Amino acid sequence: ESWVARASEWLKEEELVAGAAKELRAKHSTPDELRAQLTLLKTAWPELRARLSAQLLPLSTLKGMLQQAGAPVEPEEIGITRERLRESYWQAFCMRRRFTALDLAARTGLMEPSLKQIFGPNGLWPI
């Protein structure tokens, strides 16, 4: 099953389908293009990983900063269920033609394993 088909499963709101389909078509890659992208990513990954590690805050630090500022840190605090939040990752992936971390996760087959980790029994937001 392709990532396009998998992502389409998560689009349940009819008004989003047409826009998402347009965005997915715009960023669709042929198998050869995808292979080239993943090869380039593999080559660039050590430097990319180092740059990301230098820029990204640990979850505990970020959560503490948000709490200190009085900002919500749990999905329920903004009126969204954990199930809905989980679905929104696939929907967000479908809504942007720009290449994002969600595209990287989908194209490398890591989207579902990552979501299972986040929302699994030992995850940040267990469902």
Side-chain angles (χ1 to χ4, degrees):
E1 181 176 38
S2 74
W3 56 264
V4 174
R6 180 73 178 137
S8 296
E9 282 180 30
W10 294 98
L11 292 170
K12 299 186 182 346
E13 299 176 31
E14 194 169 320
E15 65 272 12
L16 297 178
V17 173
K22 180 180 176 182
E23 295 301 309
L24 284 170
R25 280 192 301 274
K27 64 181 173 181
H28 175 72
S29 298
T30 66
D32 287 339
E33 290 168 335
L34 179 58
R35 187 175 303 105
Q37 291 166 2
L38 294 176
T39 300
L40 178 60
L41 175 64
K42 184 178 179 181
T43 301
W45 182 247
E47 180 186 342
L48 200 58
R49 182 177 185 183
R51 289 175 61 192
L52 288 169
S53 294
Q55 293 179 21
L56 298 176
L57 297 173
L59 177 61
S60 59
T61 301
L62 183 57
K63 195 172 182 178
M65 292 169 70
L66 289 169
Q67 287 172 325
Q68 191 173 26
V73 293
E74 300 296 332
E76 296 82 5
E77 294 174 334
I78 59 169
I80 187 171
T81 65
R82 292 171 185 206
E83 292 84 359
R84 176 69 179 94
L85 179 60
R86 188 186 196 290
E87 289 176 11
S88 73
Y89 281 84
W90 277 109
Q91 290 174 335
F93 159 71
C94 293
M95 300 311 294
R96 298 292 304 256
R97 80 178 53 198
R98 184 179 59 149
F99 194 88
T100 69
L102 297 174
D103 290 278
L104 179 61
R107 290 171 191 229
T108 57
L110 294 174
M111 180 79 96
E112 272 305 313
S114 297
L115 292 174
K116 286 178 182 173
Q117 185 174 352
I118 294 167
F119 295 98
N122 298 314
L124 176 62
W125 295 309
I127 296 178

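Here the structure is a predicted model, which means the values were calculated and not measured.
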query = Closest heavy-atom contact between Arg82 and Pro126?
reply =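 Answer, listing the atom of Arg82 first, then Pro126: NH1-O, 3.2 Å.
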message = Show the nearest heavy-atom pair for residues Ser29 and Gln37, with the distance to one decimal.
response = OG-NE2, 3.0 Å
inquiry  = Do the side chains of Lys63 and Glu74 get close enough for a salt bridge, i.e. N-O under 4.0 angstrom?
reply    = yes
inquiry  = Looking at Arg86 and Glu112, is any side-chain nitrogen of the basic one under 4.0 Å from a carboxylate oxygen of the acidic one?
reply    = yes
message = Using the rule given for side-chain hydrogen bond (donor to acceptor under 3.5 Å, both in side chains), can you reason through Thr81 versus Glu76, listing the C-alpha separation, both sets of side-chain angles and the distance that settles it, and then say yes or no?
response = CA-CA 6 Å; Thr81 65; Glu76 296 82 5; over 6 Å; no
inquiry  = I'd like to know if the side chain of Ser53 and the backbone of Ala50 have a donor-acceptor N/O pair within less than 3.5 Å.
reply    =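 It does not hold such a pair.
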request  = Determine yes or no for a side-chain-to-main-chain donor-acceptor pair under 3.5 angstrom, with Arg107 supplying the side chain and Leu38 the backbone.
outcome  = no
key: Cluster check Leu102, Leu110: I/L/V/M/F/W/Y, side chain < 4.5 angstrom   = no
ask   = Should Leu40 and Trp45 be regarded as members of a common hydrophobic cluster, given that ILVMFWY residues are connected when their side-chain heavy atoms come within less than 4.5 Å of each other, either directly or indirectly?
value = no
key: Residues Lys27, Phe93; criterion side chain to side chain contact (heavy atoms under 4.5 Å, CB included); working and verdict   = CA-CA 11 Å; Lys27 64 181 173 181; Phe93 159 71; 3.7 Å; yes
task = Please say whether more than 12 non-hydrogen atoms of neighbouring residues, nucleotides or ligands are located less than 6.0 Å from CD in Glu33.
result = yes
key: Residues, nucleotides or ligands: over 12 heavy atoms within 6.0 Å of Glu77 CD   =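 Result for CD/Glu77: enclosed.
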task = Linking directly or through intermediates, with side-chain heavy atoms under 4.5 Å: list the remaining ILVMFWY members grouped with Met65, chain and number order.
result =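 Met65 shares its hydrophobic cluster with Leu57, Leu62, Leu66, Val73.
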query = Would a 4.5 Å heavy-atom cut-off, applied to side chains only, mark Phe99 and Leu104 as touching?
reply = yes
inquiry  = Applying side chain to side chain contact (heavy atoms under 4.5 Å, CB included) to Trp90 and Met95, what does each step give before you reach the verdict?
reply    = CA-CA 9 Å; Trp90 277 109; Met95 300 311 294; over 6 Å; no
ask   = Can Leu48 and Leu41 be said to form a side chain to side chain contact (heavy atoms under 4.5 Å, CB included), step by step?
value = CA-CA 9 Å; Leu48 200 58; Leu41 175 64; 3.9 Å; yes
query = How many angstroms lie between OG1 in Thr100 and CZ in Arg98, if you round to the nearest 0.5 Å?
reply = 7.0 Å
